[in-house]
Amino acid sequence: MAFLDNSGDIILDAVLTETGRRRMAQGNFRIVKFGIGDDEIDYSLYDKNHASGSAYYDLEILQTPVFEAFTQVNAGINYGLLATTATDLLYLPVAKVNEKTAYGDNIAKTSGLYYVVDAAGDTSTSRISNKLSDASVNYLEGTGTGNKYILIETGLDSGFGTVPIGSSENRESYIVANNLNDTSFTVFVDNRFFSSVRGVTSNSSVNNSGGSTGTDLNYSISLTSGTPTSLSLGIENYSGYKINGIANLITYNSTDTDQDTSVIGGPRSAMTAIALVVKAGISAEYTLYGSTSNTTRLASSTIDYVDTTVYIQGNTSGAILTLPCTIVRLS
Amino acid sequence: MAVTNFEMLDATKDVTTTRTLLHESIPLTGTLISGTYGTFPDEGNIKNYTHGQFQSVFDYPYLSSSANHIFDITIGYDESSALSESTALSTQQSKKINMYNQFSQVLLGYTGSTNQVRKFELDLDLDESSGTVMKEAVFLNFSRLITKDQIKKGTFSITLGTASWNADGAAPFELVKTLTDSSSTATAGTTNTLGGDYGLLKENGSGVTRGIVFYQAGVVALSTSSWASIPDFLSESNEKYTIEDTFVSQSLTSSCDAFRHRVQNITFNNATEINSAIYFCRVPHNKYNHSTNPTYLSSSTIRVKSVNTDTPIAYITTIGLYSSNNELLAVAKLSEPLKKEPTNELTLRVRLDY
C-alpha cells in the first residue's frame, strides 16, 4: 500500500475490488454510479487563521499523500462526500448515544461495551440475564421481543447554551430546511452473530413539551423489525438493516431540562433506538471468534462471549456511530 | 462505512470503451539459449523431458522459482518427407512425424476429401505446390508469457548461424542468415488459417523464404533450407551430420540442441490488446462540497468555515464505482487531494482496463 507519486500531473490509479472481480467472474459486473471519498484528509489541518493568508489555509491538506488504490472493499471509501446542495451550512449533524436514565428502557454501556444476551446457555435455574443484573451490567435481551434498546440521537452538538441553541426554530432552519434530518438509519451488524436488528416504530415519539416528570420528557418508544437493505458497509459478513428515525423534538428551555434528556447540545435532528437479535444456534462462533468458559469478564459466572462492532449511519446526514458490543451466554 | 451519496452514471454520455494495443520489445539473445547457464548442451535453463518430444528454454535455471518459460523447440517432418523413408536408420521417427502433424493440424487443419493434414508451405497460398511445401521443419513455440496476445506483425527477426559446427565457440556464426517477416503488416502480407494469421520469414538480402511465423499462436516453423549447403549442421564424435542426417539419425533432443547451438538472436515485439471502459465521473458544482469525514466537524461546526457564508470546501482523494446494489466494484485514487468547492465542477476520467 504505497503512496502515489504526486510529483507530476494528477493521475488516477484505478483497480477492481474483490467484489468487482467476483461480479466479473459471475458475469454481472455493471457499474451504474459513483461516490466520492476523502478518507486520507485530516480537516483539522485546515488552518483558517494562518498568518500568511487564505492561500495557506489548506496548504497542508493539499500536500497530503494519497495511498494507492487497493482491492479490499472496506479499504475503498469509508467516508463519502455529501451531495447536499446547500452552501450556507456552518453545522452538520453528528450522532451520539443517549444513555440518560430518563428513558426507562435505554441501556448504557458497561466497561465500554454494550452487552447482548444469548439465552441459549440458560437453564431452568440459571439465566444469563439474571447473572448480568446481579453484576449490575446493562444488557439488551438479544431477542425479537425484548423491550430494551440503545438510544441514538442526531443533531448539531454545538454545546448546551451555545449558539445555535436547541430550539425548535433552529431545528427547522439548521436541519430540516437544509435536508439534514435523518428519517431513517442503517444499522450494520455482523451476520454471523445477529439475525436482525430492531428499530423504533414510525409512530414512536419524543419531546419535552410537558411530560409528567420534572424533565418535561414525553416519550413513547416501541420497537419493530428493521428492513434488510442492499447498502454495503464494505466489511465482509456485515449486513445492513434500515430502521426508522423519528423527529427528535427535545428543545432548549430556560430551565435547561433538555440536558437531562438529550446528549445533543444544539438543535436536535432525529432519534432512533436499536435492539439486536442474536442469531439462533450460534455456538461454534464463540470458539472461533470469541472466548469460552471465561470466568473473568462477568463476576461469579462462567460465560462464553464474542465481541463485535455495530455501525449506525444516518441515511441523510451520513452521521456515523460505532458501537462496541459483546454477546454473552452461560457456558 | 457505507457511502450514502451517489451520482448516477449515464451509460450513453458518461461511459465509453476503447481498445488499445500495447507492444513490448522482446530480445532473446543466443547466449541465453545456449551457453549462459552451464556447458552446452546441458545448460540449467534447458529442460528436457523423459518423453523426449520437445525441449523447453527458460530465462534462468528452470529449477529456480524465478525462472520463466520462454519457448519450446522441437523438430518434425511430414510422413511424405523423403526423410521418413529411411525407417531403418531413423530415430524417434513416429514422434517426429507426430510433432509435425500436431502443429499442422492445429495451425493449418485438414484438407481434401480424406481429411489429410495440411502441410506447411513457404508461401501464403496453401495450395501444396511442390516447390514451396515445407515437409521438414524446426518449430519454436513461444510462451504466452512473452508473446502475450500475439507477436506484432512485421517485427519478428531471427538470426541463425549457418557456418560449420564448432561446439566450443562462435564458429557457427561466422556465416549467419537473418530471417525477418518484414513483408507482413497489420493489414497485408499474411494468410489467415485455423491457427490465426501467418507471415513469411524471408532471408535478408536474398529474399528467400526460409520459414513462417504464426502471430497469434506464437509459433515459428523454420525450413531446413537455411542449412542445406553445410555438411556439418551437427558434428559429434568426429562424425558430421547434415541437417537431414540430424533429423533422421539424431533424437529430437539432440536435434533441438544442435539447433540451439545455431541461434544467435531472436527479437520481436509482442502485442497486448487492452479493452478499456472509461467512466466520466462528473462532479457538479453544487454537490460534494461537504464531507462525512469525522475530522470535518468540530462540535458539529464545519472546520473549513468561520461563518455560514464562507465557501464550503472538501478534498477529493477517492472515487468509488458502484453497482446498483451499492457494491463497490472499483476504486480509483487521485495522486493528490483535489479541492472541491461550489465554484468548480470536475470531470474525473476513470479508466478500467480489461
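Computed from a prediction, not measured in an experiment: that's the story for all the values here. Throughout, a chain's letter reflects where its sequence line sits, starting with A, and its residues are numbered from 1. We use all heavy atoms of the structure for the numbers below, so side chains are in, but hydrogens, waters and symmetry mates are not.
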Could you report the tightest heavy-atom contact between S158(A) and S300(B), atom names first, then the distance? N-CB, 4.3 Å

Less than 4.5 Å apart, side chain to side chain, heavy atoms only: is that true for E40(A) and K333(B)? yes

Could you tell me which portion of L297(B) (side chain, backbone, both or neither) has an atom closer than 4.5 angstrom to a non-hydrogen atom of chain A? side chain

Without swapping roles, check the side chain of N5(B) against the backbone of L82(A) for a donor-acceptor pair under 3.5 Å. no

S317(A) versus chain B, the contacting section by heavy-atom distance below 4.5 Å: backbone

Are any non-hydrogen side-chain atoms of I31(A) and L329(B) less than 4.5 angstrom apart? yes

Is the number of heavy atoms from other residues, nucleotides or ligands under 6.0 Å of Y56(A) OH greater than 12? no

Taking NZ, NE, NH1 and NH2 as the nitrogens, is one of them in E327(B) or R23(A) under 4.0 Å from a carboxylate oxygen of the other? yes

Could you give the distance from CG (L81(A)) to OH (Y296(B)), rounded to the nearest 0.5 Å? 8.5 Å

Taking atom OH of Y60(B) as the centre, does the number of heavy atoms from other residues, nucleotides or ligands within less than 6.0 Å exceed 12? no

I'd like to verify something: which residue of I36(A), L92(A), T85(A), L16(A) has the highest number of heavy-atom pairs under 4.5 Å with chain B? L92(A)

Rounded to the nearest 0.5 angstrom, the OH-CD1 distance for Y91(A) and I302(B) is 10.0 Å

So for Y43(A), is it side chain, backbone, both, or neither that comes closer than 4.5 Å to the heavy atoms of chain B? both

Here the pair of heavy atoms bringing T19(A) nearest to L328(B) is CB-O, 3.8 Å

Between the CG atom in N308(B) and the CG atom in N178(A), the distance rounded to the nearest 0.5 Å is 9.5 Å

Region of D58(A) that comes under 4.5 Å of a non-hydrogen atom in chain B: both

Looking only at heavy atoms, which two atoms of K48(A) and K305(B) are closest? And how far apart? NZ-O, 2.5 Å

Establish, for the pair K33(A) and Y322(B), whether the NZ or CZ atom is under 6.0 angstrom from the six-membered ring centre and no further than 45 degrees off its axis. no

Verify the neighbour count for atom CD of Q105(B): are there more than 12 heavy atoms of other residues, nucleotides or ligands below 6.0 Å? yes

Top contributor to chain B contacts, counting heavy-atom pairs under 4.5 Å, from D157(A), V94(A), L156(A), D47(A): D157(A)

Find the distance between CG (N293(B)) and OG (S44(A)) and round it off to the nearest 0.5 Å. 9.5 Å

Flag the pair F29(A) / L352(B) as yes when at least one side-chain heavy-atom distance between them is below 4.5 Å, and no otherwise. yes

Would you compute the distance between atom CG of D39(A) and atom OG1 of T318(B) and round it to the nearest 0.5 angstrom? 5.5 Å

Mind ranking N28(A), D88(A), T229(A) by heavy-atom pairs under 4.5 Å with chain B and telling me who comes out on top? D88(A)

Could you tell me whether the side chains of T317(B) and D38(A) share a donor-acceptor contact shorter than 3.5 Å? no

Measure across L62(A) and P337(B) and return the closest heavy-atom pair with its distance rounded to 0.1 Å. O-CD, 3.6 Å

Tell me, yes or no, whether the heavy-atom count around K242(A) atom NZ, taken from other residues, nucleotides or ligands under 6.0 Å, exceeds 12. no

Do V283(B) and F34(A) have side-chain heavy atoms sitting under 4.5 Å apart? yes

Do K287(B) and T84(A) have side chains that approach each other closer than 4.5 Å (heavy atoms only, starting at C-beta)? no

Among the options V15(A), L45(A), D42(A), T186(A), pick out the one with the most heavy-atom pairs lying under 4.5 Å from chain B. V15(A)

Would you indicate whether the side-chain heavy atoms of L90(A) and T301(B) approach each other to under 4.5 Å? yes

Among D310(B), V307(B), T309(B), who wins on heavy-atom pairs under 4.5 Å with chain A? V307(B)

